[in-house]
J.: 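Just passing along the structure, written as structure tokens.
Model, not experiment: these values are computed from the prediction.
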Amino acid sequence: MTARILDGNALAAKVREDIAKDARVLTEQGIQPCLAVILVGENPASSVYVRNKVAACEKAGFRSLKFVFASDVLPEIVFAKIAELNADPSVHGILVQLPLPKHFSEDQVLEAILPTKDVDGFHAENFGLLLQGRKAFYPCTPWGVMKMLASEDVVIKGAEAVVIGRSNIVGKPMAVMLLAQGATVTICHSQTKDLSFHTRRADIVVAAVGRPKFLTGDMIKPGAVVVDVGINRLQEGPDAGKLCGDVDFESAKEVASLITPVPGGVGPMTITMLLANTLESARRVAAKAAGN
Ligand code: GUN
């Protein structure tokens with residue numbers, strides 16, 4: 001079997017078109033969706049992500065604000081900026097790019113963002129609401145994965161799903177979202193004893209471990225749906241410098257029925273869901289202004 005490729009670029013373009021249309025309508029009503037992005041330090045990958053997020057905002061007709069601080073900035077200065085953005089009614093979403101330098105408490109920074117403007121869905125309040133199955137801003141990467149699965153009518157109810165990775169950003173919320181839709185979910189991680197035992201039973205595998213080509217074809221059940229959340233830059237070999245996922249695409253695609261590539265898979269959907277969350281936040285402000 002050779003798997004069908006789930007094209008994240010194509011799906012993202014379609015969803016972003018609808019988002020841009022809705023943004024235009026809101027802007028005509030006097031509320032232009034606005035995302036503020038804070039970057040601390042010079043992590044090259046973070047700089048690229050932030051640039052892409054700002055560019056995506058502009059392309060969708062959103063306003064975007066970018067604040068860049070030196071890596072040795074005092075945390076008080078960043079907290080003051082967050083407070084200012086919290087209080088600014090024209091700002092609908094606030095995002096602090098992670099990771100932060102070591103002298104910051106990421107938890108404290110994320111908790112400083114108003115939950116109603118936490119379009120990354122990282123605030124404990126939004127995470128708690130997600131756990132309870134309530135309306136909230138959901139973390140963009142796992143939510144993007146859910147949209148991708150829905151776009152292909154992947155059956156989640158009753159499916160065996162294995163998530164590899166237990167981060168707050170991807171693994172944990174991913175597991176909760178799959179669970180909410182009726183999957184039987186197993187979360188695997190670096191301490192899991194027999195990873196293949198779990199992955200070979202899975203109808204849906206989501207790899208979010210941050211290790212290049214970690215999940216290989218022999219670890220996958222024939223016909224499974226394979227979602228690759230990894231973005232790794234190869235350090236050595238003939239492909240050094242190239243991006244690759246957590247899945248060994250070449251061997252996995254011979255076993256899976258549907259697979260996401262890297263690049264061009266989950267990545268474009270992450271930014272798309274960030275736009276969707278920011279739009280939703282602006283919509284709520286518009287509804288409140290209209291007295292609804
Ligand atoms: N670092 C890696 N992924 C993300 C993300 O989705 N949001 C933020 N704020 N930082 C990240």
J.: Of all heavy-atom pairs between Pro268 and Asn9, which one has the smallest distance, and what is that distance?
T.: CG-OD1, 3.1 Å
J.: Where do Ala286 and Gln29 come nearest, in terms of heavy atoms and distance?
T.: CB-OE1, 4.4 Å
J.: State whether the side chain of Arg166 and the backbone N or O of Lys172 hold a donor-acceptor pair below 3.5 Å, judged by distance alone.
T.: no
J.: What residues form a salt bridge (Lys or Arg N to Asp or Glu O under 4.0 Å) with Lys253, not counting sequence neighbours?
T.: Glu250
J.: To check you understand the geometry: which heavy-atom pair defines the closest contact between Pro99 and Glu106, and what is its length?
T.: CA-OE2, 3.2 Å
J.: How about Asp18 and Lys21: do any of their side-chain heavy atoms sit closer than 4.5 Å?
T.: yes
J.: Within the distance-only criterion (no hydrogens, no angle test), does the side chain of Gln32 pair as donor or acceptor with the backbone N or O of Leu26 below 3.5 angstrom?
T.: no
J.: By the rule that ILVMFWY residues connect when side-chain heavy atoms come within less than 4.5 angstrom, directly or transitively, which residues belong alongside Ile31?
T.: Val285
J.: Give the other cluster members for Ile164, using side-chain heavy-atom distances under 4.5 Å between Ile, Leu, Val, Met, Phe, Trp and Tyr residues; answer none if it is isolated.
T.: Ile5, Val162, Leu195, Val205, Val209, Phe214, Leu215, Met219, Ile220, Val226, Val247, Phe249, Val255, Ile259
J.: Would Met146 and Met174 count as a side chain to side chain contact (heavy atoms under 4.5 Å, CB included) here? Give the steps.
T.: CA-CA 8 Å; Met146 295 307 286; Met174 183 81 256; 3.5 Å; yes
J.: Atom CG of Leu274 and atom CZ of Phe62: how far apart are they, to the nearest 0.5 Å?
T.: 8.5 Å
J.: Does CZ belonging to Arg211 count more than 12 external heavy atoms closer than 6.0 Å?
T.: no
J.: How would you list, by chain and number, every residue that makes a salt bridge (Lys or Arg N to Asp or Glu O under 4.0 Å) with Arg283, sequence neighbours excluded?
T.: Asp22, Glu280
J.: Going by atom type alone, with no hydrogens or angles, which donor-acceptor pairs under 3.5 Å involve a side-chain atom of residues 122-131 and a protein atom two or more places apart or on another chain?
T.:
| residue | atom | partner | partner atom | Å |
| --- | --- | --- | --- | --- |
| His123 | ND1 | Glu125 | N | 2.9 |
| His123 | NE2 | Glu111 | O | 3.3 |
| Asn126 | OD1 | Phe137 | N | 3.4 |
| Asn126 | ND2 | Pro115 | O | 3.2 |
| Asn126 | ND2 | Asp118 | OD2 | 2.8 |

J.: With the side chain counted from C-beta on, respond yes when Lys157 and Gln181 share a heavy-atom pair under 4.5 Å apart, and no when they do not.
T.: no
J.: Please name all residues satisfying side-chain hydrogen bond (donor to acceptor under 3.5 Å, both in side chains) with Asp246, sequence neighbours left out, ordered by chain then number.
T.: Asn232
J.: How would you list, by chain and number, every residue that makes a side-chain hydrogen bond (donor to acceptor under 3.5 Å, both in side chains) with Asp88, sequence neighbours excluded?
T.: Ser90
J.: Rounded at 0.5 Å granularity, tell me how far OG1 in Thr199 sits from CG in Asp194.
T.: 8.5 Å
J.: Once salt bridge (Lys or Arg N to Asp or Glu O under 4.0 Å) is applied, what residue pairs with a partner in residues 2-13 remain, sequence neighbours excluded?
T.: Arg4-Glu152
J.: Got a donor-acceptor contact below 3.5 angstrom from the Thr260 side chain to the Gly265 backbone?
T.: no
J.: Can you tell me how far apart CD1 (Ile19) and OG1 (Thr278) are? Round to the nearest 0.5 Å.
T.: 9.0 Å
J.: As a test of understanding, state which of Arg201, Lys221, Arg200 forms a salt bridge (charged side-chain N to carboxylate O under 4.0 Å, His left out) with Glu160.
T.: Arg201
J.: Evaluate whether atom CD of Glu236 has more than 12 neighbouring non-hydrogen atoms of other residues, nucleotides or ligands under 6.0 angstrom away.
T.: no
J.: If I compare all heavy atoms of Ser251 with all of Gly217, which pair ends up nearest, and what's the gap?
T.: OG-N, 2.9 Å
J.: Of all residues at least two apart in sequence or in a different chain, which pass the side-chain hydrogen bond (donor to acceptor under 3.5 Å, both in side chains) check with Gln132?
T.: Arg134
J.: Can you find a pair of side-chain heavy atoms, one from Leu65 and one from Leu35, that are under 4.5 Å apart?
T.: no
J.: With side chain to side chain donor-acceptor pair (under 3.5 Å) as the test, would you mind laying out the steps for Thr270 and Thr141 before giving the verdict?
T.: CA-CA 5 Å; Thr270 294; Thr141 298; 2.9 Å; yes
J.: Sequence neighbours left out, what passes salt bridge (Lys or Arg N to Asp or Glu O under 4.0 Å) with Asp239? Give chain and number order.
T.: Lys242
J.: Hydrophobic cluster mates of Leu243, side-chain heavy atoms under 4.5 angstrom, ILVMFWY only, any path?
T.: Tyr49, Ile231
J.: Say whether, by atom type as modelled, one donor and one acceptor occur between the side chain of Lys117 and the main chain of Val91 under 3.5 angstrom.
T.: yes
J.: Report yes if the side chains of Met148 and Leu11 come closer than 4.5 Å at any heavy-atom pair, otherwise no.
T.: yes
J.: If you look at every heavy atom in Gly121 and Pro139, which pair is closest and at what distance?
T.: O-CG, 3.5 Å
J.: Mind checking whether Ile77 and Phe69 have side chains closer than 4.5 Å, heavy atoms only?
T.: yes
J.: Any side-chain heavy atom of Pro261 sitting closer than 4.5 Å to one from Asp228?
T.: no
J.: Which pair of non-hydrogen atoms, one from Ala60 and one from Leu275, has the smallest distance, and what is that distance?
T.: CB-CD1, 4.2 Å
J.: Once salt bridge (Lys or Arg N to Asp or Glu O under 4.0 Å) is applied, do any residues pair with Glu84, and if so which ones, sequence neighbours excluded?
T.: Lys81
J.: Would you indicate whether the side-chain heavy atoms of Cys34 and Ser64 approach each other to under 4.5 Å?
T.: no
